A.B. asks: 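The structure's right below; bear with me while I get my questions together.
These numbers were taken from a predicted model, which means no experiment stands behind them. Note: hydrogens, waters and symmetry copies are ignored here, and every other heavy atom, side chains too, is used.
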Amino acid sequence: MKTNLADIPSVERILQFPHIKECITNFGRPLVLGEIRIVLDTIRKNAEKGCEIPENDELIRQLDASLQEIENKSTRPVINATGVILHTNLGRAPLSQSAISAMQESSAGYSSLEFDILTGSRRKRTEPAEYLLKKLLGIDEALIVNNNASAVMLVLSALASNRKVVIARSQIVEIGGGFRLPDILKQSGAHLIEIGTTNQIRLTDYENGIREGGKLILRTHPSNFKIIGYTGEPKLTEICKLASSLKIPVVDDLGSGAILDTTKFGLAHEPMVQESLMAGADVVCFSGDKLLGGPQSGIIVGKKEYLGKIKKHPLARALRADKVLLSGLEATLKEYLKDKAEERIPVWKMISEKENSLKKRAEAWSEKIGFGMVISGKSTIGGGSLPEETLPTWLFSLQVKHPDAFLKKLRYSTLPILARIQNDLIVFDPRTVLEEQDEVLVSSIIKILQETRENYEKRT
Ligand SMILES: *Cc1c(COP(=O)(O)O)cnc(C)c1O
């Protein structure tokens with residue numbers, strides 16, 4: 001047994017091991033060197049306490065494990081079997097084939113991003129997306145920025161800096177990931193005039209807010225929570241009518257920004273971009289990667305008068321959309337214009353998926369795996385859209401002795417799998433699993449079941 005500190009190999013010595021040279025090729029010298037130092041440090045500390053110094057084989061095994069851990073921590077594809085469609089932690093909307101191709105092309109080489117092929121002159125990078133949005137929504141002008149948080153920030157900075165903004169108490173929200181409306185308002189130099197109460201807002205509250213000096217009305221869609229019971233607020237049309245008579249703009253932050261009607265799929269009504277515009281909102285902003293089903297982006301649409309000011313603000317340049325985002329967004333918008341969104345945009349494909357076909361998929365999994373049961377369940381929209389709303393689905397369920405340990409094993413699969421525990425069962429929702437992932441999902445589950453043979457109880 002080696003316990004003498006002098007028996008610990010030096011960093012230089014370890015770097016000479018043939019296997020370590022291979023690691024350096026795979027991971028790069030800084031990472032390998034860093035991990036060698038950490039492993040040696042631990043060995044030294046343990047040796048000082050009288051622990052044995054491991055043989056070189058064991059040391060290399062430890063190094064391999066920590067290097068693998070770094071690799072596992074990288075952003076990589078996962079299977080989302082949670083049934084949460086717009087899972088923010090898992091990257092929100094998966095993209096359509098056309099968006100993926102467009103993004104691949106625009107990132108692989110040069111593109112006509114700011115160049116007009118026909119005239120040979122310069123153009124604005126958001127021009128094509130803006131044109132498509134005009135055709136789709138009938139607006140005067142549009143602007144695309146990095147995400148909707150920056151869209152809101154930019155709009156308020158351009159239109160309400162050093163001014164008072166009227167907002168209903170029920171809409172002073174936190175969206176998640178640190179997006180709190182009062183903070184955004186403060187940052188943009190706007191001052192808050194809170195009106196109404198948490199549950200009741202009247203048109204006269206808005207009137208009073210404007211009388212107190214309000215120069216802009218901000219409406220925020222309370223995306224991720226629901227107030228029920230004795231609640232009420234004026235219709236957007238009424239608010240816009242009042243505002244326009246007093247020459248004050250109305251900005252509507254819709255968040256998810258549905259362009260298709262969610263009620264068609266048995267869901268509650270999610271406010272649509274078209275409706276806000278129709279009601280008379282001057283500026284409407286929404287995310288590109290929520291219900292629109294495109295890449296992360298913030299979309300600002302509305303009237304020329306205000307969009308002009310917004311586009312000129314210095315923040316517009318700071319928050320500008322990148323070329324990959326823009327090509328993906330253009331491709332996504334084209335699917336809407338072709339009336340193919342429901343068929344080709346994964347978010348809408350998932351929402352509109354028939355219960356019957358979900359059941360068939362869950363049953364096919366169950367059959368191939370040879371264990372588990374197919375039970376009815378519920379999928380959710382997620383991503384701060386349609387809180388409390390669910391879609392009926394069919395789940396493949398497994399009864400195992402240690403559900404948490406099983407979930408961990410699923411996460412540790414080569415292609416990590418995210419599932420849920422429901423009534424002590426592990427459940428997998430086919431709605432959010434991409435069809436091309438079915439095979440890997442099934443084989444990974446089979447592998448884990450074989451490894452933990454004693455742990456499953458039920459056979460059907
Ligand atoms: C999601 C959301 C935002 C933030 O949008 P991101 O695209 O995540 O930056 C802002 N406002 C509302 C109402 C939202 O729902």
Side-chain angles (χ1 to χ4, degrees), residues 1-82 87-91 100 103-104 107-109 177-178 296 322 324 400-419 426 434 436-437 439-456:
M1 182 167 124
K2 293 192 285 182
T3 52
N4 191 340
L5 289 186
D7 290 331
I8 300 174
S10 69
V11 174
E12 286 66 35
R13 167 100 184 75
I14 293 174
L15 283 171
Q16 295 312 314
F17 294 165
H19 178 72
I20 297 300
K21 288 191 169 155
E22 212 177 289
C23 289
I24 290 178
T25 312
N26 292 338
F27 296 95
R29 195 178 157 90
L31 285 190
V32 176
L33 205 54
E35 290 312 309
I36 292 176
R37 292 206 169 111
I38 292 171
V39 169
L40 288 182
D41 211 41
T42 315
I43 293 174
R44 195 171 302 117
K45 278 187 187 138
N46 289 340
E48 279 164 4
K49 284 187 240 155
C51 298
E52 187 183 350
I53 292 164
E55 294 299 326
N56 288 347
D57 283 359
E58 168 58 17
L59 192 149
I60 285 179
R61 202 199 54 75
Q62 287 180 17
L63 266 174
D64 273 340
S66 41
L67 284 167
Q68 194 51 50
E69 198 158 311
I70 294 178
E71 194 62 12
N72 290 346
K73 278 184 181 159
S74 320
T75 306
R76 56 198 184 119
V78 302
I79 295 180
N80 175 13
T82 63
H87 201 304
T88 300
N89 297 158
L90 306 183
I100 294 167
M103 290 168 96
Q104 195 163 12
S107 52
Q296 177 188 304
D322 83 276
V324 184
V400 297
K401 269 203 188 117
H402 306 289
D404 285 318
F406 201 90
L407 277 192
K408 185 173 171 186
K409 281 199 177 295
L410 288 165
R411 287 202 314 275
Y412 277 56
S413 300
T414 317
L415 183 55
I417 300 167
L418 283 297
I426 309 266
L434 308 182
E436 59 268 27
Q437 294 175 330
E439 215 168 295
V440 195
L441 177 88
V442 165
S443 61
S444 304
I445 296 174
I446 290 174
K447 188 158 163 263
I448 297 171
L449 284 172
Q450 280 166 352
E451 284 166 10
T452 57
R453 194 171 287 279
E454 69 286 3
N455 278 343
Y456 47 78

A.B. asks: Report yes if some heavy atom in the side chain of Ile448 is under 4.5 Å from a heavy atom in the side chain of Ser413; otherwise report no.
C.D. replies: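 Side-chain contact under 4.5 Å: yes.
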A.B. asks: Indicate yes or no: at least one non-hydrogen side-chain atom of Ile79 is less than 4.5 angstrom from one of Leu418.
C.D. replies: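 The answer is no; the side chains never approach within 4.5 Å.
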A.B. asks: Applying salt bridge (charged side-chain N to carboxylate O under 4.0 Å, His left out) to Asp41 and Arg44, what does each step give before you reach the verdict?
C.D. replies: CA-CA 5 Å; Asp41 211 41; Arg44 195 171 302 117; 3.4 Å; yes
A.B. asks: With side chain to side chain contact (heavy atoms under 4.5 Å, CB included) as the test, pick out the partner of Ile445 among Ile426, Val440, Leu410.
C.D. replies: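 Of Ile426, Val440, Leu410, side chain to side chain contact (heavy atoms under 4.5 Å, CB included) with Ile445 is met by Leu410 alone.
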A.B. asks: Could you report the tightest heavy-atom contact between Leu415 and Pro77, atom names first, then the distance?
C.D. replies: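 Looking at all heavy atoms of both residues, the closest pair is CD1-O, 3.2 Å.
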A.B. asks: Of the non-hydrogen atoms in Ser66 and Val39, which two are nearest, and what is the gap between them?
C.D. replies: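 Where Ser66 meets Val39 most closely, the heavy atoms are OG-CG2, 4.1 Å.
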A.B. asks: How long is the span from the CD1 atom in Ile43 to the CG atom in Leu5, to the nearest 0.5 Å?
C.D. replies: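 Rounded to the nearest 0.5 Å, the CD1-CG separation comes to 11.5 Å.
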A.B. asks: Going by heavy atoms in the side chains, are Leu15 and Leu33 under 4.5 Å from each other?
C.D. replies: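 Heavy-atom side-chain distance check passes, below 4.5 Å.
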A.B. asks: When rounded to the nearest 0.5 angstrom, what distance separates CD1 in Ile70 from CD in Glu35?
C.D. replies: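 One finds 4.0 Å between CD1 of Ile70 and CD of Glu35.
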A.B. asks: Roughly how far, to the nearest 0.5 Å, is the CG atom of Leu40 from the NZ atom of Lys45?
C.D. replies: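 If we round to the nearest 0.5 Å, Lys45:NZ and Leu40:CG are 12.0 Å apart.
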A.B. asks: Do Asp64 and His19 have side chains that approach each other closer than 4.5 Å (heavy atoms only, starting at C-beta)?
C.D. replies: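 Yes - at least one pair of side-chain heavy atoms lies under 4.5 Å apart.
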A.B. asks: Counting only heavy atoms not in Glu439, do more than 12 fall under 6.0 Å of its CD?
C.D. replies: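 Check fails, neighbour count at 12 or below.
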A.B. asks: Taking side chain as C-beta onward, heavy atoms only, is His87 less than 4.5 Å from Thr82?
C.D. replies: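 Side chain of His87 against side chain of Thr82, heavy atoms only: contact under 4.5 Å found.
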A.B. asks: Checking Glu58 against Gln62: is there a side-chain donor and acceptor pair closer than 3.5 Å?
C.D. replies: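 Short answer, yes.
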A.B. asks: Can you check side-chain hydrogen bond (donor to acceptor under 3.5 Å, both in side chains) on Asn72 and Gln68, steps first, answer last?
C.D. replies: CA-CA 6 Å; Asn72 290 346; Gln68 194 51 50; 3.3 Å; yes
A.B. asks: Kindly indicate whether the side chain of Phe27, heavy atoms from C-beta on, has any atom under 4.5 Å from the side chain of Glu71.
C.D. replies: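 Heavy-atom side-chain distance check passes, below 4.5 Å.
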A.B. asks: How long is the gap from CZ on Arg29 to NZ on Lys21, to the nearest 0.5 Å?
C.D. replies: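 Between Arg29 CZ and Lys21 NZ, I get 10.5 Å after rounding to 0.5 Å.
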A.B. asks: With rounding to the nearest 0.5 Å, note down the distance linking NZ in Lys447 to OG1 in Thr452.
C.D. replies: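 If I round to the nearest 0.5 Å, the distance is 11.5 Å.
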A.B. asks: State, with a plain yes or no, whether a side-chain heavy atom of Ser10 is found less than 4.5 Å away from one of Arg13.
C.D. replies: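 They are in side-chain contact.
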A.B. asks: To the nearest 0.5 Å, tell me how far Asn80 CG sits from Leu441 CG.
C.D. replies: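 The CG atom of Leu441 is 11.0 Å from CG of Asn80, to the nearest 0.5 Å.
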A.B. asks: Are Lys408 and Tyr412 in a cation-pi contact, defined as NZ or CZ under 6.0 Å from the six-membered ring centre and within 45° of the axis?
C.D. replies: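 Pair Lys408/Tyr412 counts as cation-pi.
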A.B. asks: What verdict does the side-chain contact (heavy atoms from CB on, under 4.5 Å) test give for Ile53 and Asn46, after you've listed the backbone C-alpha separation in whole Å, the side-chain angles of each residue and the deciding distance to 0.1 Å?
C.D. replies: CA-CA 8 Å; Ile53 292 164; Asn46 289 340; over 6 Å; no
A.B. asks: Quick one: which of Leu31, Leu63, Ile36, Val32 gives a side chain to side chain contact (heavy atoms under 4.5 Å, CB included) with Cys23?
C.D. replies: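 Looking at Leu31, Leu63, Ile36, Val32, the match for Cys23 under the side chain to side chain contact (heavy atoms under 4.5 Å, CB included) is Val32.
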A.B. asks: Taking all non-hydrogen atoms of both residues into account, name the closest pair between Asp322 and Val324 and its distance.
C.D. replies: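 Looks like OD2-N, 2.8 Å.
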